[in-house]
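Just passing along the structure, written as structure tokens.
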Amino acid sequence: MGKVLIIAEVGVNHNGNLNIAKQLVDVAKDAGADIVKFQTYDVNAISSKMAEMAVYQKKNTGRTNSQKKMLSEFALSHEDFMELADYCRKKGIEFLSTPFDIPSIRFLQTLDCNRWKIPSGEINNYPYLVEIAKTNKDIILSTGMSTIEEVENAVRVLQSNGSAKILLLHCTTQYPTPFEDVNLKAMLTLKEKFGVEVGYSDHTKGIEIAIAAVAMGAVVIEKHFTLDRNMQGPDHKASLEPDELKKMILSIRHIEKAFGTGEKKPAEIEKENIKIARKSIVAKCDIQAGDILTEKNITTKRPGNGINPMQWTNVIGTSAIRDFVEDELIEI
């Protein structure tokens, strides 16, 4: 297994402030993330005036206004994104932003991003999917709120319209996601069904579920982070703070090292312990040359640099080739 791609998801946790967005880029870079991701949308294209806020958005912001009004308060301008993309290049971390509408796809295309991240809410948006597929770039597709049939339909639209490699992220679209609603095994279902690499977009509190997903085979982990969970905004409460993000990434890097090759054999560092931890066939008491070796006069004890105890039946019944004192390694 190669290196897990870790996407540090800012989303709108910059609260519409470019300086905060840059601080979050610094945090992601310092934590060891591979990608720092934002969200790009045209307020007039993403939501109608009639669209209500989600329950979690109302709860996390303390507001009950429309989605459109809320989103307008957290939007960055195209100029901001151009500056952010340049800032990320200078910092040595990949810039990525999820488009939520066709105008934003076309704008982000001008920034030469390496790939696309499609959010769960657009999985059934046919014209959106076609627009992204036509760019012929790699795609990471989140599958929150979706049935397997909906995922299949989206993949078919993307593939038939020219998309390159598609990677599927299992996801539960709730902020935060209760542990009992994670359903991590669905990630493996996606891998088996579509024969593609899979990952996990995590909205749970804490870091353990993302780490578990890596242990189960996720090759991409996406996780929201913030400067401070007490900041005002819809996603801060379900986000990691800087020290937690760093801890999650470090834990994932440890897991990567632990996967190994899959071949079952002694590790080099444990070979020297074989003779210490294993046993050999030894004299249970003093033995005279010519005595018959039986369970009464031989036993197994450490160290393990003598006759392997798995040769027990080959030793029993033979004659002692010389005198042995108690605990001495038997020779035959």
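Quick caveat: nothing in here was measured; it's all calculated off a predicted structure.
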request  = Count the heavy atoms of every other residue, nucleotide or ligand shown that sit under 6.0 Å from NZ of Lys205, and state whether that count exceeds 12.
outcome  = no

task = Give the intermediate values and the outcome of side chain to side chain contact (heavy atoms under 4.5 Å, CB included) for residues Leu227 and Glu241.
result = CA-CA 6 Å; Leu227 296 179; Glu241 293 187 339; over 6 Å; no

request  = Supply the atom-to-atom distance Leu96 CG to Ile35 CD1, rounded to the nearest 0.5 angstrom.
outcome  = 5.5 Å

query = Taking the six-membered ring for Trp, are Tyr41 and Phe100 parallel (under 30°), tilted (30 to 60°) or perpendicular (over 60°)?
reply = perpendicular

ask   = When hydrophobic residues are tied together by side-chain contacts of less than 4.5 Å, even through go-betweens, does Ile330 share a cluster with Trp312?
value = yes

query = Hey, is the main chain of Gly144 close enough, under 3.5 Å, to the side chain of Ser142 for a donor-acceptor pair?
reply = no

ask   = Looking at Asp34 and Lys3, does any basic side-chain N land under 4.0 Å from a carboxylate oxygen?
value = yes

ask   = Which atom pair, heavy atoms only, marks the closest approach of Pro99 to Lys117?
value = CD-O, 3.8 Å

task = Under the side chain to side chain donor-acceptor pair (under 3.5 Å) rule, what do Lys301 and Ser280 come out as? Steps first, then yes or no, please.
result = CA-CA 6 Å; Lys301 290 185 180 181; Ser280 302; over 6 Å; no

inquiry  = Assess whether a salt bridge exists between Arg89 and Glu94, defined as any Lys/Arg side-chain N lying under 4.0 Å from an Asp/Glu carboxylate O.
reply    = no

request  = For side chain to side chain donor-acceptor pair (under 3.5 Å), just list the numbers for Tyr126 and Asn161, CA-CA rounded to whole Å, side-chain angles, deciding distance to a tenth of an Å, and then say yes or no.
outcome  = CA-CA 11 Å; Tyr126 180 87; Asn161 285 279; 4.6 Å; no

ask   = Looking at Leu158, Leu167, Ile132, Val196, which one forms a side-chain contact (heavy atoms from CB on, under 4.5 Å) with Leu141?
value = Leu158

message = A side-chain contact here means heavy atoms from C-beta on lying under 4.5 Å apart; do Ile118 and Thr98 qualify?
response = no

ask   = At what distance, to the nearest 0.5 angstrom, does CG of Leu245 lie from CD of Glu9?
value = 11.5 Å

inquiry  = Please check if the number of heavy atoms outside Lys68 that lie under 6.0 Å from its NZ is greater than 12.
reply    = yes

ask   = Taking atom types as modelled, is there a side-chain donor on Asn314 or Gln311 under 3.5 Å from an acceptor on the other?
value = yes

ask   = Tell me, do Ser104 and Gln39 make a side-chain contact under 4.5 Å, heavy atoms counted?
value = no

ask   = Just by distance, do the side chain of Ser77 and the backbone of Asp80 share a donor-acceptor pair under 3.5 Å?
value = yes

ask   = Are side-chain heavy atoms of Val10 and Phe225 found at a separation under 4.5 Å?
value = yes

query = Do Arg229 side-chain atoms and Lys237 backbone N/O form a donor-acceptor pair below 3.5 Å?
reply = no

message = Between Leu250 and Val220, is there shared hydrophobic-cluster membership here, with clusters defined by ILVMFWY side-chain heavy atoms closer than 4.5 Å?
response = no

task = Verify the distance criterion only: is there a donor paired with an acceptor across the side chains of Asp235 and His203 at less than 3.5 Å?
result = no

Please output the side-chain donor-acceptor pairs of residues 176-193 that fall under 3.5 Å, not counting sequence neighbours, one pair per line with the distance.
from, atom 1, to, atom 2, distance (Å)
Thr177, OG1, Thr172, O, 3.1
Thr177, OG1, Gln174, O, 2.7
Thr189, OG1, Lys185, O, 3.4

query = Quick one: CG on Asp30 to CD1 on Ile93, what's the gap to the nearest 0.5 Å?
reply = 10.0 Å

request  = Inspect the surroundings of CZ in Arg278 and state if more than 12 heavy atoms from other residues, nucleotides or ligands are less than 6.0 Å away.
outcome  = no

query = In the single-linkage hydrophobic clustering (I, L, V, M, F, W, Y; side-chain heavy atoms under 4.5 Å), do Ile316 and Ile321 co-cluster?
reply = yes

query = Which heavy-atom pair separates Leu169 from Ser201 by the least distance, and what is that distance?
reply = CD1-CB, 4.0 Å

message = Using side-chain heavy atoms (C-beta onward) and a distance below 4.5 Å, is Leu111 in contact with Phe95?
response = yes

ask   = Between Asn15 and Gln232, is there a donor-acceptor pair closer than 3.5 Å when you use the side chain of the first and the backbone of the second?
value = yes

query = Should Asp86 and Lys90 count as an ion pair when the cut-off is N to O under 4.0 Å?
reply = yes

query = Is Leu24 linked to Met82 within one hydrophobic cluster, defined over Ile, Leu, Val, Met, Phe, Trp and Tyr using a side-chain heavy-atom separation of less than 4.5 Å?
reply = yes

Contact check, side chains of Ile6 and Arg253, non-hydrogen atoms, under 4.5 Å = yes

key: Worked verdict on Glu268 versus Lys271 for salt bridge (charged side-chain N to carboxylate O under 4.0 Å, His left out)   = CA-CA 5 Å; Glu268 286 299 320; Lys271 286 181 179 179; 2.8 Å; yes

task = Mind running side chain to side chain donor-acceptor pair (under 3.5 Å) on Ser97 and Thr40 for me, showing each step along the way?
result = CA-CA 6 Å; Ser97 191; Thr40 304; 2.5 Å; yes

message = Given 3.5 Å as the limit, does a donor-acceptor pair link the side chain of Lys137 with the main chain of Cys113, or not?
response = yes

ask   = Any donor and acceptor pair, going by atom type alone, linking the side chain of Asn17 with main-chain N or O of Asn19 inside 3.5 Å?
value = yes

task = Check whether any side-chain heavy atom of Phe74 sits under 4.5 Å from a side-chain heavy atom of Asn13, and report yes or no.
result = no

key: Salt-bridge present (Lys165, Asp138; N to O < 4.0 Å)   = no

